[in-house]
Amino acid sequence: MDWDGAVNAWHVAGGVYRMGRREWLTERGWRQVFDDGVRTVVDLRNAAEGRRRDTDPVVPAAAWADIDVVQAATEEPGDPRFTAVTGPYLNDPAHYTTNARHFPEKLVGVFRAIALAAPKGDVLLHCAAGRDRSGMVAAMVQDLAGDSDEAIAEGYRRAARGINERYRTHGPPHSRERYLAEAELAPLLEQRGLTVVAFVRRLDTRNYLLANGLSCAELDAASGLAR
């Protein structure tokens, strides 16, 4: 998506989109998001992450006045069961299963937010980089939409390439991230794309969400938007 200021913004499936931090959007970018039909932004970050940086554009709150912004974190920050596996944050699809196992209520909350938003219009999901928390939820959305294995793998790969390009031009935000040249990036993304597919096929999104408290009506609303 070419919304002004957006980083790593992509169409996922149906009426669902994904991107990196919403604070990167300019005022014009917010108008473009609205004009493309988005009426709800679901922030997958933990609340403490949602703050403007000095390098972000100055945007008046009126820019998104007609768009609901909903907080629906995918994890409990600092949970030792999680960080013992992932480190300080999720940055590898190999750990999506750990996230789903420890925080089913969080992922149900994300899809409940999508279901509630569906009657109003399209939904834009975002985390920080737009790669892993967004990637995990996007794969689940694509699973509900009936997408192929290759489409799901490619969804992850293009988002990982998108934020890698950001690191090339702007530098990574901290030492845990770095720009990867193509010779290193390509085989890594080939494997990680397959890992995303394996995660979501084992999970069986529909049954996972129902088993953990999402109602049939909510699932139908979220699935309808995904298609």
Side-chain angles (χ1 to χ4, degrees), residues 10-19 40 42-46 70-77 79 81-86 89-119 122-127 129-160 188-227:
W10 303 93
H11 177 241
V12 176
V16 182
Y17 300 84
R18 64 187 286 189
M19 70 175 184
T40 305
V42 178
D43 186 345
L44 304 175
R45 301 174 299 178
N46 301 305
V70 179
Q71 195 86 37
T74 58
E75 65 195 36
E76 189 64 41
D79 187 306
R81 301 170 302 165
F82 190 54
T83 57
V85 176
T86 65
Y89 62 89
L90 183 69
N91 76 337
D92 187 333
H95 302 148
Y96 290 3
T97 297
T98 301
N99 198 129
R101 181 171 64 251
H102 288 315
F103 308 116
E105 75 288 352
K106 296 288 190 182
L107 292 177
V108 165
V110 171
F111 281 85
R112 182 165 288 133
I114 293 171
L116 288 171
D122 293 350
V123 170
L124 172 58
L125 307 165
H126 83 87
C127 54
R131 182 188 58 205
D132 284 297
R133 285 173 288 189
S134 296
M136 176 175 59
V137 174
M140 294 171 72
V141 168
Q142 289 182 272
D143 189 27
L144 292 179
D147 280 4
S148 68
D149 288 359
E150 182 52 36
I152 292 171
E154 183 57 25
Y156 175 83
R157 291 173 186 141
R158 68 188 184 188
L188 179 68
L189 294 192
E190 180 63 26
Q191 180 56 50
R192 288 190 172 184
L194 298 177
T195 301
V196 173
V197 172
F199 155 73
V200 81
R201 297 312 190 205
R202 283 196 303 265
L203 186 72
D204 184 358
T205 303
R206 181 179 180 83
N207 287 328
Y208 170 83
L209 293 172
L210 290 173
N212 287 289
L214 196 69
S215 72
C216 289
E218 289 169 327
L219 182 62
D220 287 347
S223 299
L225 186 67
R227 297 192 186 101

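Note that the coordinates shown come from a computational prediction; the quantities given were computed from them, not determined experimentally. Side chains included, hydrogens not; waters and symmetry mates left out as well; all remaining heavy atoms used.
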Inset, instruction - With side chain to side chain contact (heavy atoms under 4.5 Å, CB included) as the test, would you mind laying out the steps for Leu144 and Met140 before giving the verdict? - result: CA-CA 6 Å; Leu144 292 179; Met140 294 171 72; 5.9 Å; no

Legend entry - Residues Glu150, Arg157: salt bridge by 4.0 Å N-O rule: yes

Inset, instruction - Taking the six-membered ring for Trp and the single ring otherwise, decide whether the centroids of Tyr17 and His11 are under 6.0 Å apart. - result: yes

Legend entry - Residue pair Arg192 / Pro93: nearest heavy atoms and the distance that separates them: CD-CD, 3.8 Å

Inset, instruction - For residues Ala118 and Ala221, report the shortest heavy-atom separation together with the two atoms involved. - result: CB-O, 3.8 Å

Legend entry - Close side-chain approach of Thr86 and Asn91, heavy atoms under 4.5 Å: no

Inset, instruction - Taking Arg18 for its side chain and Arg131 for its backbone only, find out whether a donor-acceptor pair lies under 3.5 Å. - result: yes

Legend entry - Leu107/Tyr208 under side chain to side chain contact (heavy atoms under 4.5 Å, CB included): CA gap, chis, key distance, verdict: CA-CA 10 Å; Leu107 292 177; Tyr208 170 83; 3.6 Å; yes

Inset, instruction - Consider only side-chain N and O atoms of Asp132 and Tyr96, and report whether a donor and an acceptor are under 3.5 Å apart. - result: yes

Legend entry - Arg206 bridged to Asp143 by N-O distance under 4.0 Å: no

Inset, instruction - Please answer whether the main-chain N or O of Gly15 pairs with a side-chain N or O of Arg227 as donor and acceptor at a distance below 3.5 Å. - result: no

Inset, instruction - Side-chain contact test, heavy atoms from C-beta onward, threshold under 4.5 Å: evaluate it for Glu75 versus Phe82 and give yes or no. - result: yes

Legend entry - Short side-chain to backbone donor-acceptor contact, Glu218 and Ser215, under 3.5 Å: yes

Inset, instruction - Can you measure from OG1 (Thr195) to NE2 (His95) and round to the nearest 0.5 angstrom? - result: 10.0 Å

Legend entry - Check: Tyr156 side chain, Leu189 main-chain N or O, donor-acceptor pair, under 3.5 Å: no

Legend entry - Taking every non-hydrogen atom, the tightest pair across Ala159 and Gly130: CB-O, 3.6 Å

Inset, instruction - Taking the side chain as every heavy atom from C-beta outward, state whether Trp10 and Met19 have any atom pair closer than 4.5 Å. - result: no

Inset, instruction - Side-chain contact test, heavy atoms from C-beta onward, threshold under 4.5 Å: evaluate it for Thr74 versus Asn46 and give yes or no. - result: no

Legend entry - Minimum-distance pair of heavy atoms, taken over all atoms of Ala13 and Asp147: CB-OD2, 4.3 Å

Inset, instruction - Over all heavy atoms of both residues, which pair between Val123 and Ala117 is shortest? Give the atoms and the distance, please. - result: CG2-CB, 3.6 Å

Legend entry - Side-chain heavy-atom pair Thr97, Arg202 within 4.5 angstrom cut-off: yes

Inset, instruction - Look only at the side chain of Gln142 and the backbone of Ala151, and say whether a donor-acceptor pair between them is shorter than 3.5 Å. - result: yes

Inset, instruction - Check whether any side-chain heavy atom of Val200 sits under 4.5 Å from a side-chain heavy atom of Thr205, and report yes or no. - result: yes

Legend entry - Heavy-atom check, side chain of Met136 versus side chain of Phe199, under 4.5 Å: yes

Inset, instruction - For side chain to side chain contact (heavy atoms under 4.5 Å, CB included), just list the numbers for His126 and Arg133, CA-CA rounded to whole Å, side-chain angles, deciding distance to a tenth of an Å, and then say yes or no. - result: CA-CA 8 Å; His126 83 87; Arg133 285 173 288 189; over 6 Å; no

Inset, instruction - Test side chain to side chain contact (heavy atoms under 4.5 Å, CB included) on Leu90 and Asn99 and set out the steps. - result: CA-CA 8 Å; Leu90 183 69; Asn99 198 129; 3.9 Å; yes

Legend entry - For the student: nearest non-hydrogen atoms of Val196 and Ile152, plus distance: CG1-CG2, 3.9 Å

Inset, instruction - Please determine if Lys106 and Glu76 form a salt bridge, counting it only when a charged side-chain N lies under 4.0 Å from a carboxylate O. - result: yes

Legend entry - Contact check, side chains of Thr40 and Val42, non-hydrogen atoms, under 4.5 Å: yes

